[in-house]
Amino acid sequence: VSNSGQQTISGTINGANDNTEALTITANDNLTISGVIGGIANKQPSTLDITTTGSGVLTLSNDITTDNDQTYTAAGGVLLGANISLTATSSDILFSGTASTVDSTGSTRTLTVSANEIEFDGAVGGGTDGALGAIGITGALDLDAAITSASSLSVSTTSNLGANVTTSGTQTYTGAVTLSEDVNLTGSTITTNSTVAGGTNDLTVTGNVVFGNGPTDTVTGVAVLDITGNTTIHTDTITTSSTQTYGDATSDTITIGAATTLTTTNSQITFSGTVDSETSETNNLALSVGSSGVQFDAETGGTVGLGAIG
């Protein structure tokens with residue numbers, strides 16, 4: 001399908017046979033998709049490729065399902081005109097190019113994704129009144145541009161974070177997280193339920209953080225680690241090449257939820273808030289800072305005692 005001038009596709013689109021027909025839509029102006037694509041089981045298009053050129057804006061206002069890849073290349077950016085579900089069975093979804101930003105149409109639209117991986121090349125939620133609602137990803141996330149405003153983010157498998165993420169609520173990373181740039185995660189509580197590989201990049205958390213769902217969910221390869229809120233540590237290893245800072249006020253809390261070793265390379269570890277074990281536990285806290293030191297700015301073990309500190 002190719003057109004000139006503004007166009008709205010309001011009817012449903014399905015294939016004649018499952019996983020055989022590719023659907024390509026190209027527009028040189030604004031394009032709105034308001035009908036369901038692939039809504040009939042076993043009648044979904046094989047692939048979907050939608051492109052707008054010039055300054056054309058792509059507005060998605062209904063759910064889209066394909067058997068294979070979906071690619072959105074929008075010269076004027078992508079707008080969510082409703083709460084949207086994008087499904088690509090065992091395949092990838094790509095918002096291609098930095099111009100392919102993703103925003104709401106003046107309301108916090110939700111984006112629900114089910115795919116092998118979704119990749120954002122353009123900023124998400126950064127437009128005027130463009131903040132998204134909840135972003136829920138069943139699959140992996142490859143983030144190459146910032147998520148600047150959403151209500152929450154959840155990712156069920158791996159996350160490659162190459163830009164900052166800002167949410168008003170929670171962020172949950174169930175699979176392994178890899179940092180490909182210095183990253184600032186801003187939200188109410190940031191939870192990593194698997195490993196974090198820093199790739200020698202800085203990790204800043206503006207908000208509360210929970211590291212790990214168990215002792216083997218290690219945090220390694222980070223350069224500078226800086227947490228501004230409360231910290232809960234369920235992993236047995238946090239290793240950085242530079243400083244570690246937990247909290248930015250004595251009212252912040254650091255909860256040691258497992259026997260934990262914090263290691264830097266000749267760099268200081270600072271606990272700005274209180275340090276305690278998890279309730280009903282007495283977990284050990286090992287600190288290795290080389291030629292540097294450890295600074296405690298508030299009470300340690302005053303609420304729930306630690307085991308050995310050393």
Side-chain angles (χ1 to χ4, degrees), residues 1-13 23-39 45 48-66 70-88 93-115 118-139 141-155 163-171 186-187:
V1 179
S2 181
N3 79 289
S4 60
Q6 298 188 28
Q7 182 173 353
T8 297
I9 301 177
S10 57
T12 60
I13 300 176
L23 176 60
T24 300
I25 303 173
T26 303
N28 64 8
D29 206 328
N30 297 337
L31 172 65
T32 298
I33 307 291
S34 59
V36 175
I37 296 179
L48 174 65
D49 192 335
I50 301 179
T51 301
T52 63
T53 60
S55 58
V57 175
L58 171 62
T59 300
L60 302 178
S61 297
N62 220 318
D63 298 338
I64 297 175
T65 301
T66 58
Q70 299 176 23
T71 302
Y72 303 92
T73 307
V78 177
L79 295 177
L80 302 185
N83 298 332
I84 294 296
S85 292
L86 302 178
T87 302
I93 297 173
L94 170 63
F95 288 90
S96 177
T98 57
S100 296
T101 56
V102 180
D103 295 294
S104 285
T105 54
S107 181
T108 52
R109 310 294 192 187
T110 62
L111 177 61
T112 303
V113 174
S114 180
I118 184 167
E119 178 179 333
F120 294 102
D121 290 344
V124 177
T128 302
D129 296 324
L132 271 64
I135 303 173
I137 300 170
T138 301
L141 170 64
D142 186 359
L143 186 67
D144 295 327
I147 297 176
T148 61
S149 185
S151 63
S152 64
L153 171 67
S154 63
V155 185
N164 299 334
V165 179
T166 300
T167 57
S168 58
T170 60
Q171 297 174 32
T186 299

Return yes if some donor-acceptor pair links the side-chain N/O of [X] with the main-chain N/O of [Y] below 3.5 Å, else return no.
X      : Y      : result
Ser104 : Ala131 : yes
Ser107 : Arg109 : no
Thr105 : Leu80  : yes
Asn28  : Gly56  : no
Asn30  : Val57  : yes

### Task
Identify, with sequence neighbours excluded, every residue that meets side-chain contact (heavy atoms from CB on, under 4.5 Å) alongside Thr148.
Ala146
How far does [atom1] of [X] sit from [atom2] of [Y], to the nearest 0.5 angstrom?
X      : Y      : atom1 : atom2 : value
Leu60  : Ile84  : CG    : CD1   : 6.0 Å
Asp103 : Asp129 : CG    : CG    : 10.0 Å
Ile37  : Ile64  : CD1   : CD1   : 4.5 Å
Asn164 : Leu143 : CG    : CG    : 9.0 Å
Gln70  : Ile118 : CD    : CD1   : 8.5 Å
Glu119 : Asp144 : CD    : CG    : 5.0 Å

Closest heavy-atom contact between [X] and [Y]?
X      : Y      : answer
Gly122 : Ala145 : C-CB, 3.3 Å
Ala82  : Ser61  : CB-O, 3.7 Å
Ala75  : Thr53  : CB-C, 3.8 Å
Ala134 : Ser151 : N-OG, 2.8 Å
Ser154 : Gly136 : OG-CA, 3.6 Å
Asp63  : Ser85  : OD1-N, 2.9 Å

Would you indicate whether the side-chain heavy atoms of [Y] and [X] approach each other to under 4.5 Å?
X      : Y      : answer
Ile9   : Leu31  : yes
Val124 : Leu132 : yes
Ile33  : Ile25  : yes

### Query
Just one of Leu58, Asp121, Leu94 clears the side-chain contact (heavy atoms from CB on, under 4.5 Å) bar with Tyr72, so which one?
Leu58
### Task
Give me the one residue out of Leu153, Thr166, Val102, Thr186 that meets side-chain contact (heavy atoms from CB on, under 4.5 Å) with Ile147.
Leu153
